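Down below is the structure, laid out as structure tokens.
Every number for a ligand or one of its atoms is a count from 1 in the order of the listing. The structure presented is a predicted model; accordingly, all values stated were derived computationally and were not measured.
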Amino acid sequence: MQDTNWNDYALETQAIRAGHKRTHEDEHSLPIFATSSYVFASAEEAALRFTGQKPGNIYSRFTNPTVNAFQERLALMEKGERCLAFASGMAAIMAVGMGLLKAGDHVVCSRGVFGNTVLMFQNYFGKFGVETDFVDLIDCSAWEAAIKPNTRFLFLETPSNPLIEIADISELADIAHKHDCLLIVDNCFCTPVLQKPLELGADIVVHSATKYIDGQGRCVGGAVVASNDIIEKSIYPYLRTGGATMSPFNAWVFLSGLETLSIRMKAHCDSAFELAKWLEQQAGIAKVHYPGLQSHAQHELALRQQSHFGGIVSFELSGGKEHAWKLINATEMLSITANLGDVKTTITHPATTTHGRLSPEVRAAAGIQDGLVRISVGLEDIEDIKKDILRGL
Ligand SMILES: *Cc1c(COP(=O)(O)O)cnc(C)c1O
């Protein structure tokens with residue numbers, strides 16, 4: 001089993017079996033290696049491991065068998081050469097920036113990314129002389145027009161949050177490469193089960209493992225997947241020095257999350273699609289945003305690029321914020337929380353929570369109306385979910 005070439009296996013099999021190097025104890029389930037350091041047979045061996053001339057564990061800030069297993073498994077599933085795990089999704093994004101950028105560099109980022117990603121580029125990388133321009137996710141000509149001679153990478157999330165817009169990864173990869181830039185995709189919403197950005201031409205995938213990879217809302221974690229070359233030159237040295245490491249316990253939770261990821265994603269997608277179709281027929285709803293619907297502007301692209309349409313649905317109530325809050329407050333079962341990707345269905349009012357720090361003008365430009373409600377569809381019975389939404393409609 002140690003010598004299995006997991007590349008020959010399907011994602012579902014990799015997700016369950018890859019990454020575990022069984023120890024001399026013959027355990028069936030992967031252990032949590034709760035150790036900060038490792039012992040060496042001799043001073044000579046210690047020196048060889050520290051210089052990297054001899055492979056092996058050194059110190060758990062950057063080498064831990066449980067974390068390694070998670071990294072190996074996720075790399076295979078994303079069809080990447082290497083994966084590095086981080087303490088959170090934001091730590092992974094931070095690592096990409098720290099590893100690749102220097103003062104004077106420029107980044108192009110889509111407007112619809114996670115709020116803290118905007119703050120990371122604008123406030124923190126900005127503080128050290130990296131300039132970021134934000135563009136409309138689905139406007140390829142805007143991406144190309146924003147590229148400057150000092151642009152290092154393009155960064156996007158697809159589908160976007162909370163409007164579920166879809167970017168053409170292949171086309172943006174071509175644009176990036178034509179201008180000598182890298183394309184980075186935050187694949188948190190789709191996971192490798194629904195979409196493999198590296199196969200579509202992206203250079204780096206980042207993850208918040210906190211969402212669907214955990215799947216049950218327990219741990220915070222993140223990951224970067226890329227070629228050996230990018231990881232070795234730019235990301236690993238930063239992880240080793242910067243130290244935003246994933247703990248072995250969290251890696252162990254995420255490993256079991258990966259084992260059920262495929263079957264969970266399919267169930268999330270089926271329920272979300274059903275909910276979206278049902279919402280379209282309810283009175284008081286002005287628009288439903290879901291790529292599975294014919295009414296979605298990038299329905300064809302979603303069909304081409306993703307294997308399913310995803311577990312997140314958002315919709316606009318004609319009655320604005322008042323009706324949105326009324327609907328949220330009338331629910332009995334759904335969790336009122338900004339988290340997503342959980343087996344529990346969550347309901348959010350983006351305009352006053354996740355996107356509340358944006359000015360009303362910026363929010364309007366981003367298309368986030370006051371009547372918008374986002375639902376991360378969980379795995380409860382779909383009829384119970386509908387019933388809970390119906391209470392406040
Ligand atoms: C949650 C989230 C992040 C940040 O991840 P954390 O694990 O919370 O740090 C990044 N990108 C997307 C799309 C997210 O949803």
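- Atom CZ of Arg357 sits in a sparse spot, with 12 or fewer heavy atoms from other residues, nucleotides or ligands closer than 6.0 Å.
- Contact shell of ligand 1 (protein heavy atoms, cutoff 4.0 Å): Ser88, Gly89, Met90, Phe114, Glu157, Asp186, Cys188, Ser208, Thr210, Lys211, Val220, Gly221.
- Residues His106 and Arg152 have side chains not in contact (no heavy-atom distance under 4.5 Å, counting atoms from C-beta outward).
- Across all non-hydrogen atoms, the minimal contact from Leu84 to Gln71 is CA-OE1, 3.4 Å.
- Within the cation-pi definition used here (under 6.0 Å to the ring centroid, within 45° of the axis), Lys211 qualifies as a partner of Phe114.
- Geometric assessment of Lys277 against the ring of Phe273 yields a positive cation-pi assignment under the 6.0 Å and 45° thresholds.
- Each of Arg264, Arg17, Lys266, Arg73 was scored for a salt bridge (Lys or Arg N to Asp or Glu O under 4.0 Å) with Glu12, with one residue passing: Lys266.
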